[in-house]
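Have a look at the structure below, then the notes.
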Amino acid sequence: RVDGENHIPPAEQQRQSEILQDPNMGEGQPQAQCHIYTYESKRKIYALGYSWRPDQPFRFGLGSFLEEKTNKIEIIQLSEESKTFVTKQIFDHQYPPTKLLWIPDKTGNKPDLLATSGEYLRIWSVNPSTNAVTMKAELKNLKQSEFSAPLTSFDWNIEDPSIVGTCSIDTTCTIWDIEKEVVKTQLIAHDKEVYDIAFAQGIHTFASAGADGSIRHFDTRNLEHSTIIYESPDQTPFLRVAWNREDPNYLATIMMESNKTVIVDIRYPMLPFSTLTGHTNCVNSIAWGPNSGAYLCTAGDDSHTLIWDLSGQGAARGAGNPQEHLEPMLAYKAEAEVSMLQWPISNPEWICISFNDKMQMLKVQPLSLIHISEPTRPLYISYAVFCLKKKKNT
């Protein structure tokens with residue numbers, strides 16, 4: 001149970017102080033040692049995406065959430081000199097973007113592109129020298145109407161960045177070739193709205209989360225058939241789905257207004273591999289660890305961001321016997337409800353979250369150095385590394 005700092009016993013607090021470094025800055029402490037960096041916008045933040053390019057470290061795109069037609073996209077970057085975030089560019093976006101992603105370019109050899117979803121899929125080109133932003137393409141999801149149904153989410157294929165998959169409230173998923181600006185395929189994926197889409201390893205398979213209470217698996221080489229991987233017991237809508245990129249047998253998903261995160265092994269459809277219940281309010285965002293298939297991060301309306309170690313689950317559960325009492329190994333409490341989190345592949349030692357008008361970058365120590373073995377770990381939640389409470393202003 002995660003209710004706050006008072007639930008950590010004194011002995012556990014003392015043990016943590018021996019393991020951890022204080023991530024807060026004290027007087028006389030060099031700013032370079034800060035383990036939490038905060039950016040405060042003039043607008044409420046929802047969409048959050050990190051840049052993959054090695055020549056643009058610690059660069060982010062932020063999408064506003066304003067109840068009006070004109071919203072904003074901000075491009076910010078952490079300055080190596082001042083150790084603060086610097087605004088590189090701000091430009092208009094029609095309606096709040098439901099998601100924002102940078103092109104998955106690990107080498108920096110591809111055009112510097114940013115994509116957003118809203119009423120359309122928009123591809124933006126960023127000039128690396130001037131940070132000027134121009135719209136490269138506006139791709140409309142048209143099924144049988146001249147009007148485009150709003151897009152709820154999208155995913156950018158890592159293996160082939162020319163491929164982007166979108167999902168919509170009109171029950172469809174669309175796979176785009178953004179270089180040719182054409183639809184590769186479009187299919188009716190669910191009986192109701194589709195809220196999320198995520199590619200697995202490779203270029204052919206993806207999963208979708210729907211308001212009909214199902215998680216479905218598709219292969220673009222054979223779209224006549226799909227597999228229902230998991231269904232919620234009471235048809236509660238699924239909001240998010242995330243593939244484990246290190247081990248594509250596993251994916252994570254969350255349901256609407258639920259404090260649970262469900263891990264599914266696609267080799268055993270319909271049976272939850274594990275159910276994580278550490279949050280005390282609904283979970284809003286999930287992300288797998290970039291360099292290890294054992295770690296999952298979740299964030300929600302209880303203001304907590306939690307990291308889970310699933311490495312012992314396979315031997316502990318047995319097929320069809322899901323674990324529901326796993327405790328998170330790390331935790332951080334923000335100032336407000338966390339709406340979005342990202343665990344950057346380009347900077348796996350950091351986790352990024354957004355809440356209200358703020359974005360925070362949180363330092364994560366190498367997990368192998370701080371993992372507490374299960375036999376010796378107390379049953380209490382371990383509030384570890386990236387995660388000491390911020391000192392109150394005095």
4.5 Å side-chain heavy-atom contact, Ser125 and Leu113: yes

Minimal non-hydrogen separation, Tyr46 against Pro97, with atom names: CD2-O, 3.7 Å

CD (Glu68) with more than 12 external heavy atoms under 6.0 Å: yes

Shortest non-hydrogen contact between Lys192 and Thr171, atoms and distance: O-CG2, 3.3 Å

Donor-acceptor contact present, side-chain Trp156 to main-chain Trp102, <3.5 Å: no

Candidate pair Leu310 and Tyr295, rule side chain to side chain contact (heavy atoms under 4.5 Å, CB included), full reasoning: CA-CA 6 Å; Leu310 305 176; Tyr295 299 109; over 6 Å; no

Tyr39 reachable from Met361 in the ILVMFWY side-chain graph, under 4.5 Å edges: yes

Same cluster (ILVMFWY, side-chain, under 4.5 Å), Leu48 and Leu239: no

Pair Thr152-Thr98, side-chain donor/acceptor within less than 3.5 Å: no

same_hphob_cluster(Ile197, Ile203) at 4.5 Å side-chain heavy-atom cutoff: yes

Backbone N/O of Arg245 and side chain of Gln201: donor-acceptor pair under 3.5 Å: yes

Shortest non-hydrogen separation from Ser339 to Asn284 and the atoms involved: O-CB, 3.8 Å

Closest non-hydrogen atom pair between Leu151 and Ser168, with its separation: CD2-CB, 4.0 Å

Side-chain donor-acceptor contact under 3.5 Å, Gln77 with Gln56: yes

Side-chain ion pair, Asp160 and Lys184, N-O less than 4.0 Å: no

Distance in Å, Asp155 CG paired with Asp196 CG, rounded so as to fall on 0.5 Å steps: 8.0 Å

Pairwise side-chain contact, Trp288 with Glu246, heavy-atom cut-off 4.5 Å (strictly under): no

Rounded distance (nearest 0.5 Å) linking atom CD1 of Ile254 with atom OG of Ser285: 6.5 Å

Within-4.5 Å side-chain heavy-atom neighbours: Glu257 and Thr236: no

Plane angle bin for Phe85 and Tyr37 - parallel if under 30°, tilted between 30 and 60°, otherwise perpendicular: perpendicular

Exam field: side chain Asn131 to backbone Val126, donor-acceptor pair closer than 3.5 Å: no

Distance (rounded to the nearest 0.5 Å) between Thr87 OG1 and Ile75 CD1: 10.5 Å

Ile158 side chain near Ile345 side chain, heavy-atom distance below 4.5 Å: yes

Residue Gln235 excluded, over 12 heavy atoms near CD under 6.0 Å: no

Distance-only polar pair, side chains of Arg43 and Ser64, donor-acceptor under 3.5 Å: no

Distance-only polar pair, side chains of Arg216 and Ser214, donor-acceptor under 3.5 Å: yes

Heavy-atom check, side chain of Lys106 versus side chain of Trp52, under 4.5 Å: yes

Cluster overlap Leu100 with Phe91, hydrophobic side-chain contacts below 4.5 Å: yes

Side-chain donor-acceptor pair present, Asn249, Asn244, cut-off under 3.5 Å: no

Approximate separation, where rounding is to 0.5 Å, of Ile351 CD1 and Tyr50 OH: 11.5 Å

Main-chain N/O of Gln186 paired to Thr174 side chain as donor or acceptor, under 3.5 Å: no

Beyond-backbone contact of Met256 with Tyr195, side-chain heavy atoms, under 4.5 angstrom: yes

Closest non-hydrogen atom pair between Ile263 and Ala252, with its separation: CD1-CB, 3.7 Å

Side chain Ser226, main chain His217, donor-acceptor under 3.5 Å: no

Whether Trp350 and Phe58 hold their rings parallel, tilted or perpendicular, with breakpoints at 30° and 60°: perpendicular

Contact check, side chains of Leu114 and Ile73, non-hydrogen atoms, under 4.5 Å: yes

Derivation and outcome, side chain to side chain contact (heavy atoms under 4.5 Å, CB included), residues Thr261 and Trp308: CA-CA 11 Å; Thr261 301; Trp308 308 80; 5.7 Å; no

Charged N-O contact under 4.0 Å between Lys72 and Asp92: yes

Expected output: side-chain Asn356 to main-chain Lys358 donor-acceptor under 3.5 Å: no

Min side-chain heavy-atom separation Asp265-Leu271 under 4.5 Å: no

Donor on one side chain, acceptor on other, Asp105 and Thr107, under 3.5 Å: yes

Working for side chain to side chain contact (heavy atoms under 4.5 Å, CB included), residues Phe355 and Ser303: CA-CA 8 Å; Phe355 54 91; Ser303 305; over 6 Å; no

Short side-chain to backbone donor-acceptor contact, Asp212 and Asp191, under 3.5 Å: yes

Gln360 and Thr38 side chains, donor-acceptor separation under 3.5 Å: yes

Heavy-atom donor-acceptor pair, Arg240 side chain to Ala209 backbone, under 3.5 Å: no

Pairwise distance CG(Leu121) to OG1(Thr166) - rounded to 0.5 angstrom: 6.5 Å

Verdict with reasoning, Leu276 to Leu296, per side chain to side chain contact (heavy atoms under 4.5 Å, CB included): CA-CA 10 Å; Leu276 311 178; Leu296 179 73; 3.8 Å; yes

Same cluster (ILVMFWY, side-chain, under 4.5 Å), Phe199 and Leu187: yes

Lys136, NZ atom: more than 12 neighbouring heavy atoms under 6.0 Å: yes

Inter-residue atom distance Cys282.SG - Asp301.CG, 0.5 Å rounding: 3.5 Å

Smallest separation among heavy atoms of Cys167 and Val194, with atom names: CB-CG1, 3.5 Å

Ring geometry between Phe218 and His190 (parallel below 30°, tilted from 30 to 60°, perpendicular above 60°): perpendicular

